[in-house]
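To find a chain, count down the sequence lines: A is the first, B the second, and so on, and within it residues start at 1. All values derive from a computational prediction rather than experimental measurement.
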Amino acid sequence: MKSIYGFTNLEIARLLRKVAAAYTILGENRFRVLAYESAATAIEHATSEAKDLWDDGKLEDIPGVGKNIADHLDELFRTGKVGHFEVVLKKMPPAMFNLLDLPGFGPKKAHKLVIELGINDPHNAINELKKAAKQHQIASLKNFGEKSEKDILEGIRLYELGQVKENRMSLVFADQLAEDLISYLKENAGEEILKIEKLGSLRRRVSTIGDVDLAIATRKPEEVLKIFTGYPRKKQIIERGPTGASLLISSGRQVDLRVCSPEDWGSMLQYFTGSKQHNIHLREWARQGGNSLSEYGIKSLKNGMIKQFSEEDIFYKYLGMEWIPPEIREDTGEIEAALGKKLPKLVELKEIRGDLQTHSNYNVEPSHDLGADTMESMLQVAKDLNYEYLAFSEHNPSVSNHSEEQIINILTARLAYIEHLRKSTNSIHILNLLEVDIDTKGILNLPKGAELLLDGCLASIHSNFNLGREEMTKRVIKGLSHPLVRIFAHPTGRLLGTREGYELDWETIFRFLLDNDKAIEINAYPNRLDLPDTLVREAIKRGVKLSLGTDAHNKEDLNLMRFGVSVARRGWSQASDIINTWDYDKILLWLKKRVRG
DNA sequence: GCCGTTTTCGGCCCGACTGTTTTCAGTCG
């Protein structure tokens, strides 16, 4: 049965959290509450849309979703609502759910304030709360005081500024911020720093980062913290304790530092790398074996003894599993794989032999951006990166300003120039590609004869992002069917923090790519990181090949490849999944293959 | 409500912080 109710995972997660909040107030069994919350988190982070799983009758494949919740969601997809949830939620004052978005608010606080202050209008709940706080109606309530009243106002202020959530920075930005801080610390406290490492989502290489977290192993924590809090770019010290400190720095971002003794380094690194879901699952596992985990080590539940770990890999080994690379610590099967000693050997940057999407300033008169640097200067950087080959893939000549003949002339001249460079450059190979728009009808503007002037093409969407899922899928498939196309570039079209991608039927796209031996790109450009990691994993599960490209528009951008590798690793990719790991002869042969879909 | 080294019954992650309290509840990561 096909549903007409296309609830997104995020919407479902929010619904389940509302039910959990209501159950909390109703005094339900706390483990039932926990079950709803963990199901919400699992669905929010699932690699497939719950709706698609429902279509296939596989909702219960999501860990934390059992028969009960699956039945409720079945009703949701069939009828658009869940009778049982409606009954439960109706017992609550509706305005309380609107307060849950405020920092420091859980179900109990939200419920109590809504009742005590008589807040009735859900759409105006936060404003009414603000008014009450300003009139000092909150401090006099039992279990509240002056401070909590002030905290509530501050929370509302942050919420209104949009700083509560989703004000995340790009991985690349966060990484640079961390690197700057690390060099400052090494310069000024180098002697005291025994080990230093990034933590949290930054270490896991998530595509967007909230706070920057760092860890240092040292014998002199006070001295290190003193130097940290003296960072010249800080605006304010948010927190300072014996084991760590937090700074607000001038860009408005928060950075946290944790310090510990070298004996505790492994445990601490494990604990603060997360993810939260990974750690919860790991602790559940450890508990089965009679152990309890924390940032101080592994405690035996039998005798209360804590075993310390100076190295993280020994920590995992002690639990009977392989060391798990941070990038895949998301509780999506990595713990089971590590226990079975079946973790994939994730691809590494050094295995990448070339960049498959770059733009030089060679002028093919495109409608999109040209690159800023010459082919020669980009080749020099590529050589420094020890690449075996570099692809140039300028945008196609603009459609409206050129006749077919003119386009052929431009490409002929470009090929001649590349041939000239190939003769004078012997230490690196050049691949002659073009990035071509897929227009609204799925047509590529490549005149007859272009196939003789190019090694191959990337195809991508640059306009009309608003088509529906079905129409967009047809458009893409038609575009990819062109025999010259070998790679589907920045496939979702997302721009992090700016634009959601368009919708595609991924099952159909993946099958097409597999059947026609075409590859899908992981675009390493900072605000793209597209294909996203979750879809990377889906792609390689089906055997679809990946192509890595920086989309460099100047020679410095060629250094962004490591972020593409991070995405690949988060998607569980091995070298064998990625065509950039092939040598020049193999990749050239593959690019020149002509497959009409 | 979920789930399975032992367990289809009987468990269910850990510690810190904060603000309000006289010993703890709520929230967070």
Side-chain angles (χ1 to χ4, degrees), chain A residues 16-17 19-43 59-73 84-85 88 99-113 138-152 154-155 164-165 199-201 204 210-211 213 238-244 246 254 256 258 264 267-268 270-299 301 306 319-321 331 335-336 339-340:
Chain A
L16 294 175
R17 288 207 179 93
V19 176
Y23 275 153
T24 305
I25 301 302
L26 291 168
E28 250 309 334
N29 178 328
R30 64 194 182 93
F31 295 112
R32 176 183 275 185
V33 173
L34 203 65
Y36 271 85
E37 281 170 351
S38 74
T41 308
I43 288 172
L59 268 180
E60 288 185 57
D61 282 4
I62 303 174
V65 175
K67 172 121 182 36
N68 250 289
I69 292 180
D71 280 351
H72 289 319
L73 295 185
H84 174 64
F85 291 176
V88 173
L99 299 189
L100 292 176
D101 292 334
L102 295 172
F105 272 69
K108 299 196 178 173
K109 196 188 279 187
H111 182 255
K112 175 159 178 169
L113 286 174
I138 293 175
S140 55
L141 298 173
K142 192 165 152 47
N143 285 321
F144 289 84
E146 292 287 333
K147 183 67 168 68
S148 38
E149 190 169 82
K150 259 173 67 188
D151 289 347
I152 287 171
E154 175 62 11
V164 174
K165 52 186 171 183
L199 293 175
S201 52
R204 301 200 313 279
D211 300 333
D213 297 315
I238 298 171
E239 216 182 319
R240 157 113 207 230
T243 59
S246 300
Q254 185 175 332
D256 300 341
R258 300 257 159 201
D264 284 329
S267 313
M268 212 255 323
Q270 196 293 314
Y271 182 87
F272 285 107
T273 296
S275 65
K276 189 178 174 206
Q277 292 310 116
H278 172 85
N279 282 357
I280 288 175
H281 191 161
L282 202 66
R283 279 179 225 143
E284 281 170 352
W285 167 259
R287 182 160 267 280
Q288 313 278 341
N291 290 306
S292 164
L293 311 181
S294 79
E295 66 259 50
Y296 304 113
I298 300 180
K299 184 165 80 179
L301 292 171
I306 294 183
L319 294 173
M321 59 185 82
D331 192 25
I335 290 175
E336 293 80 356
L339 283 166

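With sequence neighbours left out, the side chain to side chain donor-acceptor pair (under 3.5 Å) criterion links Glu28(A) to Arg32(A). In this view, Glu336(A) satisfies the side chain to side chain donor-acceptor pair (under 3.5 Å) rule with no residue, not counting sequence neighbours. In this structure, Ser148(A) has no side chain to side chain donor-acceptor pair (under 3.5 Å) partners at least two apart in sequence or on a different chain. In terms of the salt bridge (charged side-chain N to carboxylate O under 4.0 Å, His left out) criterion, Lys112(A) has no residue partners (sequence neighbours excluded). Remark: Asp331(A) engages no residue in a salt bridge (charged side-chain N to carboxylate O under 4.0 Å, His left out) (not counting sequence neighbours). Judged as a salt bridge (charged side-chain N to carboxylate O under 4.0 Å, His left out), and not counting sequence neighbours, Glu146(A) has no contacts.
Among the nucleotides dG15(B), dT18(B), dG1(B), the one closest to the side chain of Glu239(A) is dT18(B).
With a cut-off of 3.5 Å on both Watson-Crick or G-U wobble distances, the partner of dC28(B) is given as dG15(B).
Among the atoms of the strands shown, only primed sugar atoms or phosphate atoms (P, OP1, OP2) are found under 4.0 Å from some heavy atom of Ser292(A). If you check every strand for non-hydrogen atoms under 4.0 Å, Ile280(A) touches a base. Contact annotation for Val33(A): no contact, since no heavy-atom pair falls under 4.0 Å across all strands. Within the nucleic acid shown, Leu293(A) comes within 4.0 Å of sugar-phosphate atoms alone, with no base atom in reach, counting heavy atoms only.
The nearest whole Å value for the distance from the CZ atom in Phe272(A) to the C1' atom in dC14(B) is 11 Å. Spacing between atom CG of Leu16(A) and atom P of dC2(B) amounts to 10 Å, rounded to whole angstrom units. Atom CD1 of Ile62(A) and atom C1' of dC3(B) are 16 Å apart (whole Å). The distance between atom CZ of Arg32(A) and atom P of dG1(B), rounded to the nearest whole Å, is 3 Å. As rounded to whole Å, 14 Å separates atom C1' of dA16(B) from atom CG of Asp256(A). When rounded to the nearest whole Å, the span between CD of Glu37(A) and P of dC2(B) equals 14 Å. What separates CZ of Arg30(A) from P of dC14(B) is a distance of 11 Å, to the nearest Å. In this structure, Lys67(A) atom NZ and dG1(B) atom P are separated by 12 Å, rounded to whole Å.
In terms of heavy-atom proximity, Val88(A) sits nearest to Ala22(A) at CG1-CB, 3.8 Å.
Using C1' as the reference atom, dG1(B) and dT8(B) are 15 Å apart when rounded to the nearest Å. Annotation: dC14(B) and dT20(B) have their C1' atoms spaced 23 Å apart (nearest Å). For dA16(B) and dT21(B), the P atoms lie 24 Å apart once the distance is rounded to whole Å. dT18(B) and dC12(B) have their C1' atoms separated by 27 Å, with the value rounded to a whole Å. On the P atoms, dT7(B) is 22 Å away from dC2(B), given to the nearest whole Å.
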What are the atom names and distances for every N/O pair under 3.5 Å that joins the protein to nucleotides 4-6 of chain B?
residue: dT6(B); atom: O4; partner: Gln288(A); partner atom: O; Å: 2.3

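Between His72(A) and Phe85(A), the ring planes lie tilted relative to each other; the angle falls in the 30° to 60° range.
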Contact string for nucleotides 19-29 of chain B, one letter per nucleotide 5' to 3', B = base within protein heavy-atom range under 4.0 Å, S = sugar-phosphate only, - = neither, reads SSS----SSSB
For residues 287-296 of chain A, please give each side-chain donor-acceptor pair under 3.5 Å, one per line with the distance, not counting sequence neighbours.
residue: Ser294(A); atom: OG; partner: Tyr296(A); partner atom: N; Å: 3.1

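Put simply, the residue from Ile25(A), Leu26(A), Thr24(A) that forms a side-chain contact (heavy atoms from CB on, under 4.5 Å) with Val33(A) is Thr24(A).
Summary of the strand contacts: Thr243(A) and Asn291(A) both lie near DNA chain B, and taking for each the nucleotide with the nearest heavy atom, the more 5' one is attributed to Asn291(A).
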